[in-house]
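Contents: one structure, followed by commentary.
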Amino acid sequence: MSKKLVTVTILLIVLACVLPLVLTNYRTFQATLVLVYAIALLGLNILTGYNGQISLGHGAFYAIGAYAAAMLMDQAGMPYWATIPIAGAVCLVIGFLFGLPALRLEGLYLALATFALAVSMPPILKAHFLEKWTGGVQGIVIVKPDPPAWLAAAGVKLSADQWLYYFVLAIAIVLFIAGWNLISGRVGRALVAIRDHHTAAEAMGINSAIYKSLAFGVSAMYTGIAGALGAIAVQFVAPDSFTVFLSITFLVGIVVGGLASLSGALHGALFIQFVPNIADELSKAAPWAVFGVFLIGFVYLMPTGVAGALRALTRRRSSGKLLHPKEALP
Amino acid sequence: MEAVLLQVLAGLATGGIYASLALALVMIYQATHLVNFAQGEMAMFATYIAWSLVNAGVGYWPAFLLTVLIAFVLGVLIERVVIRPVENAPVLAVVVVFIGLLVILNSVAGWIFTYTIKSFPSPFPPALGIRYMSPHQVGALLVTLIVLALLYLFFRFTPLGLAMRAAAQNPVSSRLVGIRVGWMLALGWGLAAAVGAVAGMMVAPIVYLDPNMMSGILLYAFAAALLGGIDSPGGAVVGGLVVGVLENLLGAFVIGNELKLVVALVLIVGVLLVRPSGFFGSVQVSRV
Amino acid sequence: MTALLEVADLRASYGATRVLHGIEFSLGERSITAVLGANGAGKTTTLRALCGMVRTEGEIRFAGQRIAGRRTEDIARLGIAHVPDGRGTFLYLTTEENLRLGAYARKDKRAVARDVERMYAYFPRLKERRRQQAGTLSGGEQQMLAVSRALMLAPKLLLLDEPSFGLAPLVVRELFGILRAINAESGVSMLLVEQNAAMALELADHACVIETGRVVIAGTAAELKRDDGVRRAYLGY
């Protein structure tokens, strides 16, 4: 990690810490969602951006994480924080299992299978025989967690929204650091090698099957954790929040933010949180029209996404060299 | 026994509709080796056009034909304007474009026609009904069979159909004999859109008209195309009928109607795992 | 000799690699010109460049028109047929469909039907296999099919990329005999790329030798046969 990058990262974290102190509770809630989405997008990016496996079904893993958290809190009376690792573990296992057959399929067919998963998720969640646990069409309402007592005892007064924000922020930082370690190390190089030169990677002794299903599992885990955090933040889960369009939203996020880029997850999260809000004033359909246009537009004009564009900008400024748009879509 | 027969026949009727949409997918797959995720939304949009025409006082059948024509032109335009620039792009880029198209069509339909569910007329007279099938079921099956027959005749016996098949399987040689391969692809998109439009108009009286009406149908069509073999038109038709019957039987007697869609998911994943080339296909989906 | 095809300063490249460095030759009407050269000299690329299948610069005039930079399908419609490297068979179509595709650019239905029969007369084996998927044909049969498909365009110029490739010597002799007959009958010019230099020079009236993307020797077939360098390098005696 370059010195400059460390500085920027630290500045960003400081800024993120100060943010809820100056924002209204509603804005803080929105910022929490941005962090949640960023985690989900990071997960998808590990799979699609770095490893080149196309998933159109990450909304399903988000849903599984969300329902895991909601059901554990609602039925088992578990504290919210304890549900997070469980949601992550559940998605890790399910993702890994779905990845096992999926890893035998190339891009297009994996896209098909995951798309099917995303489309069939709401009916599964609505199913009668699961209603006892999932709440059927009605979904599950959960209570917003209060800041812990020790915090108040220590004299720190936070609103529920502020507390949740910090809670999510802490998890996000941990997950991003872990993600960075994963991506910049051996595993990350193997993932990229498999994406770019599959046969060569195999020839070099990289066991692509293990790496690909691992990528699937980890990716699903990240998105599942995001789902759990999202459910706690929104205080509600219902089947119709997790249609195929949620998966498409995540796709928009990584395409706009930037494929194969950690910071891209954050740009993408900002985009999918705030752009629909702005477009919403035009028409109920407008946010999606905007998403669609951005999806196609980014493929044509800016395949490296916002992160790539920023990278190119700073690089051009610092080195003055012509830029080579080499980091095009995998 | 009678209940089973009833479900089988109902399954054949919807299966025919899946078959047409699956055929549209196969046509584009053959030419480009891509699966058009927006095929369902294109059909949905065309169905809205038909609905507008009928509402404006145009008779059903003239509206039907006009819609097929408009869908054809729109399909050609989409290929030329949206798909052409990513012709040689990596799969991910093209999939993203397809999804973008899906989202745009879906939202524009919602924007123009609202998300309120609308009923869509069935043109078939009661006399068409038989003991175990409603008039619409019989009619839809007939229309589907006619469309399939027309397509077969077109591809089998006309020079243009031959040229389209040639362009799909060997573009280089096709250019050498003077075939304008780019236009053949566009025509393929147009035809696929037209066939999809028929599927949309046939299914709309059953599932009702709304911008999301095709998402489930598209899934069944995926399952049908994969089951038959994604590069086999005949396979798509058989696959569609099989999926339709299977869906109805399982829905009625085994897993209940609400989980019918899961049949599609299981079929898709199952076929990809066990026999990626489907029952009639020749592609070996390369297993990575 | 009126020139049907004139090529000047033809350059072509695959990506960054330039393969042709200024090819120059011309080809008369009703004539057969053989192009000789070692593997990788640029023979196949020359044919591809003529058909607009690779990025090219330079001048190509065909029947008085400039065709460099035009699209392959438009060049084909002007009357240049190409028997490509690897035969270019439509494997999943029948033999007869392959032939009909060859005539795709023609409008005269009756003449097309007549030409199909003419091809069957040249190559009776194809008639036996008319309903068979072309992919099931033997290599020799596919080569005959490729030549027939190209002829179905009723071209003014026929480009042949190693038509003898993979054929038994007897079959090659038969094929070349048919090519000579077709040339005599219908006057179609031919540009023939061949490894089998001896047979090519027998069939051709003119010839040129390409080395590393340039024409190094050109002349009548008889002149080239006498040339010591050509004899040693390509005829092997």
Side-chain angles (χ1 to χ4, degrees), chain A residues 48-49 52-54 56 98 101-113 115-117 119-124 126-129 194 198 208-209 212 243-245 247-248 251-252 255 259 282-300 303 328-330, chain B residues 29 33-35 37 82 85-86 89-115 211-212 215-216 218-219 222-223 225-226 230 255-270 272-274 276 285-288:
Chain A
T48 302
Q53 302 190 64
I54 306 173
L56 300 176
F98 198 83
L103 64 88
R104 294 161 66 178
L105 306 170
E106 60 179 324
L108 182 66
Y109 298 93
L110 184 58
L112 254 170
F115 184 82
L117 178 68
V119 174
S120 4
M121 204 64 214
I124 294 175
K126 283 179 197 168
H128 258 297
F129 70 94
I194 291 166
H198 178 259
S208 73
K212 287 177 89 169
T243 63
V244 67
F245 284 95
S247 300
I248 296 178
L251 184 70
V252 174
V255 168
L259 288 160
L282 224 58
S283 147
K284 191 186 161 203
W288 287 105
V290 172
F291 275 6
V293 170
F294 267 84
L295 271 181
I296 295 180
F298 266 78
V299 170
Y300 290 167
L329 285 171
Chain B
Y29 182 87
H33 291 264
L34 292 166
V35 170
F37 286 89
V82 184
V86 287
V91 178
L92 177 56
V94 190
V95 168
V96 170
V97 168
F98 282 152
I99 295 294
L101 203 56
L102 181 159
V103 167
I104 289 175
L105 288 169
N106 187 284
S107 57
V108 171
W111 204 328
I112 301 176
F113 303 105
T114 77
Y115 289 92
N212 297 317
S215 72
L218 181 69
L219 221 51
F222 279 157
L226 286 171
I230 186 79
I255 52 174
N257 274 331
E258 52 183 2
L259 277 179
K260 275 188 349 187
L261 210 52
V262 180
V263 175
L265 172 67
V266 171
L267 273 176
I268 289 171
V269 176
L272 284 177
L273 279 184
V274 179
V285 175
S286 74
R287 288 180 156 184
V288 188

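The structure displayed is predicted, hence computed values, not measured ones. In what follows, every chain begins at residue 1, and chains take the letters A, B, ... in the order their sequences are listed.
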Next item on the list: Give a yes or no answer on whether the side chain of A:Q53 reaches the backbone of A:K212 with a donor-acceptor pair at less than 3.5 Å.
Entry: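 Yes: the side chain of A:Q53 pairs with the backbone of A:K212.
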Distance-only check: which donor-acceptor pairs under 3.5 Å involve side-chain atoms of residues 91-103 of chain B, not counting sequence neighbours?
none

Margin query: Measuring from atom CG of B:L273 to atom CD1 of B:I268, what distance do you get when rounded to the nearest 0.5 angstrom?
Written below: 12.0 Å
Notebook entry, point to check: In terms of heavy-atom pairs under 4.5 Å, which option from B:G110, B:S215, B:P85 contacts chain A the most?
Noted result: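 Most heavy-atom pairs under 4.5 Å with chain A: B:P85.
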Notebook entry, point to check: Which of the residues B:N212, B:I112, B:L105, B:V82 is involved in the greatest number of heavy-atom pairs with chain A at under 4.5 angstrom?
Noted result: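 That would be B:V82.
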Next item on the list: With sequence neighbours excluded, tell me which residues meet side-chain contact (heavy atoms from CB on, under 4.5 Å) with B:I104.
Entry: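 Per chain and number, B:I104 pairs via side-chain contact (heavy atoms from CB on, under 4.5 Å) with A:V293, A:I296, B:V108.
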Next item on the list: Pick one of side chain, backbone, both or neither for A:L117, based on which atoms fall under 4.5 Å of a heavy atom in chain B.
Entry: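 When you check distances to chain B, atoms from both the backbone and side chain of A:L117 fall under 4.5 Å.
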Check: chain A heavy atoms under 4.5 Å from B:L218: which part of the residue, side chain, backbone, both or neither?
Finding: side chain
Margin query: Does any backbone or side-chain atom of B:I255 lie under 4.5 Å from a heavy atom of chain A? Answer side chain, backbone, both or neither.
Written below: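 Contact with chain A: none, neither part.
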Next item on the list: Decide yes or no for B:L267 and B:F222: does some side-chain heavy atom of the first lie under 4.5 Å from some side-chain heavy atom of the second?
Entry: no
Margin query: Counting heavy-atom pairs under 4.5 Å with chain B, which one of A:V252, A:V119, A:I124 comes out on top?
Written below: A:V119
Check: Based on non-hydrogen pairs under 4.5 Å, which of A:F291, A:F294, A:F245 is most in contact with chain B?
Finding: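 That would be A:F245.
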Note to self: A:Y109 and side-chain contact (heavy atoms from CB on, under 4.5 Å): which single residue from B:V35, B:V269, B:L226 fits?
What the structure shows: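 Going through B:V35, B:V269, B:L226 one by one, the side-chain contact (heavy atoms from CB on, under 4.5 Å) with A:Y109 is satisfied by B:L226 alone.
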